[in-house]
Every structure is written in C-alpha cells, then in structure tokens.
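Ligands are counted one by one from 1 in listed order, and the atoms in each one are counted from 1 as well. If you're wondering where the values come from, they're calculated on a predicted model, not measured in any experiment.
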Amino acid sequence: MAAERAYDVVLFGATGFTGGLTAEYLARHAPPGLSWAIAGRNPNKLAAVRDRLAAIDPALAGMPLLTADATDPASLRAVATAARVVASTVGPYVHHGEPLVAACAAAGTDYLDITGEPEFVDLMYLRHHAEAVRTGTRIVHSCGFDSIPHDLGVWFTIKQLPADVPITVDGYVRAGGRISAGTYHSALTAFSRADETSRAARERRAVEPRPADRRVRAVPGKLARARDLPVWAVPLPTIDPQVVRRSAAARPEYGPDFRYRHFAAVKRLPTVLVAGAALGALMGLVKLPPTRRWLLGRLASGQGPSAEQRAKSWFRVRFVGNGGGRRVVTEVAGGDPGYDETAKMLAESTLCLALDDLPPTSGQVTPVTAMGDALLRRLTTAGLTFRVLDEGRAPS
Ligand SMILES: NC(=O)c1ccc[n+]([C@@H]2O[C@H](COP(=O)([O-])OP(=O)(O)OC[C@H]3O[C@@H](n4cnc5c(N)ncnc54)[C@H](OP(=O)(O)O)[C@@H]3O)[C@@H](O)[C@H]2O)c1
C-alpha cells in the first residue's frame, strides 16, 4: 500500500530550528531520486525554508509544500497518506505529537521523531502501538541525541562482547553546547508533568509484555567516583536508559541477563552540586503556573544556537561493557549534539527507514530494533565516531 504514495519522505516541522537543519541536511545528502516534501502550519514560512533549500540544491526550487497543523487531524491524515515515511520535529510532543502518530499508525506510514519526553513515548505505546502492529507501521521515537548515541552505542558495545552471556554496560555522557527554544520548552514541559510521566510509565509497565526467558534491566546508578574512568558518575534519568532497555528486550543479542546504567560524566564534584541545585529549583518553579508561564516566555520558538556556537559544541559518550570474562570500553562521539548531529541522526534514520533493507518490525520500536546495523553504517559514513578504546579480560 505505502509503495503507491506521492512522497518517499515528508518532514513535518521544517520551519522550526531543528526541522530547518534537518531539511538542509536532506537537501545536501538525500540520494537523487528521493521524492520528498516539507510540511508545516505556515505556508509563508515553508516557502522561505524552500528558498534556503533551493540555494543548496536548485532542483528543490519546485519542492511541494504541505500545509498541516497539529491541531487539525484531517490535515495530518493528508500528510500521512501522501508519504511512505514521515519525520516530525514538532514539539513539545506531549502537546503536539499525538495526532500525527495516530494518522501514521492508521495509514501504515512509518513515523520518526526526536522526542526526549518519556510521557509522550509511553502514551503513544498505550494508545497506538497495537494499531501500528496491525497496519505494519514502524513508530520510531527518539531519533536525535535522545537517544541514538546511547541506543546504538550500547548495541555497538555488546557486539564486542561474547554472545549468550550475562552483560553489564555503564554509559557515561559528556557534552558541551547550547540549547534551542524548542528544547527548553520541551524540557520545562516535561519537568512540570512529573506526576503524569510516572502515571504513563506505570500504565505501560502494567500491560507491556516482558521477555519470557531473559532478564533485561536499566537500573539507576549511584552518585560516586566512576570505577572505570577519572570522573564523577552522576545518575542521569533521561529517556535514554529506557530506550536501551527496550532495545535489549527486543533483541536476543543482549544476552540472557542484561543490565544498563546511565550517567553524566562530570570532572568536578562542585559542578554536580551546583547543577543539581539549579535543576531542583527549576523543577520546583515550573510546577507553579505563573513562574512556568514566565519561564516559558524567556525564549521564542525558532531560536537556537548560531552556526559559530554549534561549531564549538561536542559530545562524547563512553561505554564500559563487561560479559563472559571480557571487558570493553567504547566511545561514540560527534559535534553539536542538540542540533547539527540531531539533524543528521534524524535525517539518516529517515533515509534508513525509507530506503534500506531492514529486518521486519512493526509497532513502537526503538532505533536499534528498527534499524540496528544499517543505521550504524549510515551514521559512521556520515561522520559520527563509533570506536573501541580498550578491550581485554574483565577485572576479577
Ligand atoms: N532528541 C534531541 O536530542 C532533540 C534535539 C533537538 C530538538 N529536540 C526536540 O525537537 C522539538 C523541536 O525543537 P526546535 O528547537 O526545533 O523547536 P522550534 O524551533 O520551536 O520548532 C517547533 C516547530 O513546531 C512547529 N509547530 C508548533 N506548533 C505547531 C502546530 N500546531 N502545528 C504544526 N506545527 C507546529 C513550529 O511551526 P512554526 O514555525 O509555524 O511556529 C516549528 O516548525 C522539541 O520538542 C525539542 O525538544 C530534540
């Protein structure tokens, strides 16, 4: 059915900061012959994005523009039925995301996004996973810095260890860079919805099947000096460990007993204490409607770090894996995590779903479950580093 569609790919949210960078990445790197279009709620802004794309590739001057609004389900159904794959950068997803997921699940159109909002992902599982399985649709959330380096990085790490043995992996994230208005709004929204987030997670746990014959865990670590690296390991309760655990639950390669812990790697303890206090204060302030409104008004949608600022940004994630008497240290690294690299990760994931020969999956699936090695190859070719730093016998 999906083969008959007008477009291979539609990018929804191309008028935003990250959506614009993703559109530019596709303009530079999509293979000739890919039929793609951009979608958004404002035709004038879409036309301005198309002008930018045509400056990169003049053939895009006639690219179709699809007008669709997250508040208008019929417009999203029109997008979903016109494309084989739809990628969305329209967030906060808990406010704007569901109608497009629903439209894609019903139409059999593969869907990707860059959400880091656990509540949204759990709600989409509860409400649309079964329909997506029925229609053979792949719903792949978190295809940006949340959570591709961590999900694919752990996949890369376990492949360096013996098969069919219990495995533990610890991930240590370091990054430098600034955030966009969209990230700021989505983070504040998530902080203000802690109760709703816990409720959605509980409801999902109650119904989601677990592997019958294997144990798979993502456990919160403790604040401590890292055993393996010269840093403080600060437990990082982002969506990433949840994504890693779901990949491990879906794929037997993670072995009979898999455990993951996710940390920020911080060099100095005072940095941890100051950041923890600031985050605690922010989480308190966003719970109160007047301070939440004030905080949300600080940055206008569409803003983000300049090209110069992004050029100085970076990320490195180290993984320490142990299994079958072996120990391996790996690293995933790249440039500006939030925007340049997120645009690359989302665009390459989109091309991967649209064009590559992938194992058959359907429903809500993680990047590793849906794309695994094919995406690893694409991102390596596109300049992200996945490498083994050290390997040997595990310390006794
Ligand atoms: N996973 C990651 O690592 C990562 C990295 C970067 C961003 N993100 C997430 O990506 C999202 C976007 O971030 P951003 O910085 O690009 O934000 P942004 O610049 O504010 O862009 C938001 C986009 O959403 C569109 N939009 C808003 N309401 C809409 C509606 N009702 N119908 C249709 N479109 C609507 C906006 O359209 P207009 O232009 O018409 O206003 C704009 O295109 C955020 O949720 C952010 O957290 C995740």
Which of the numbered atoms in ligand 1 are below 4.0 angstrom from a heavy atom of Thr342? 3 (O), 5 (C)

Near Ser180, which atoms of ligand 1 are under 4.0 Å from a heavy atom of that residue? 14 (P), 15 (O)

From atom 26 (N) of ligand 1, work out which of Leu11, Leu346, Thr67, Val90 has a heavy atom at the shortest distance. Val90

For atom 10 (O) of ligand 1, which of the options Ile114, Asp146, Leu21 provides the nearest non-hydrogen atom? Ile114

Contact atoms of ligand 1, heavy-atom distance to Gly13 under 4.0 Å: 43 (O)

How about Phe145 and His150: are their ring centroids closer than 6.0 Å? yes

Can you tell me if His141 and Glu117 form a side-chain donor-acceptor pair at under 3.5 Å? no

Gly16: numbered ligand 1 atoms lying under 4.0 Å from its heavy atoms: 19 (O), 21 (O), 42 (C), 43 (O)

Is the NZ or CZ atom of Arg298 positioned over Trp294's six-membered ring, under 6.0 angstrom from the centre and within 45° of the axis? yes

Could you tell me whether some N/O pair between Gly302 and ligand 1 is separated by less than 3.5 angstrom? yes

Check this for me: Asp164, atom CG, are more than 12 non-hydrogen atoms of other residues, nucleotides or ligands nearer than 6.0 Å? no

Going by distance only, is there an N or O of Gln303 that falls short of 3.5 Å from an N or O of ligand 1? no

Is any N or O atom of Phe17, backbone or side chain, closer than 3.5 Å to an N or O atom of ligand 1? yes

Could you tell me, atom by atom, which parts of ligand 1 come under 4.0 Å of a heavy atom of Ser186? 44 (C), 45 (O), 46 (C), 47 (O)

Side chains of Tyr260 and Thr168: any donor to acceptor distance under 3.5 Å? no

Side-chain donor-acceptor pair under 3.5 Å between Ser186 and Thr189, yes or no? no

What are the atoms of ligand 1, with element, lying closer than 4.0 Å to any heavy atom of Tyr93? 45 (O)

Candidate pair Glu391 and Arg327, rule salt bridge (charged side-chain N to carboxylate O under 4.0 Å, His left out), full reasoning: CA-CA 6 Å; Glu391 56 188 326; Arg327 172 184 184 269; over 6 Å; no

Could you check whether Thr109 and Arg5, counting side-chain N and O atoms only, form a donor-acceptor pair closer than 3.5 Å? yes

Ignoring hydrogens and angles, state whether a donor on the side chain of Thr115 or Asp113 is under 3.5 Å from an acceptor on the partner side chain. no

Which of the ligand 1 atoms, numbered from 1, are nearer than 4.0 Å to a heavy atom of Ala70: 30 (C), 31 (N), 32 (N), 33 (C)

Is the shortest N/O to N/O distance between Gly144 and ligand 1 below 3.5 Å? no

Would you say Gly40 and ligand 1 have an N/O pair spaced under 3.5 Å apart? no

Does an N or O from Tyr339, backbone or side chain, lie closer than 3.5 Å to an N or O of ligand 1? no

Could you see which bit of Lys45 sits under 4.0 Å from ligand 1, with heavy atoms only: side chain, backbone, both or neither? side chain

Between His96 and ligand 1, which residue portion shows a heavy-atom distance shorter than 4.0 Å: side chain, backbone, both, or neither? side chain

Which atom pair, heavy atoms only, marks the closest approach of Leu76 to Asp69? CG-O, 3.8 Å

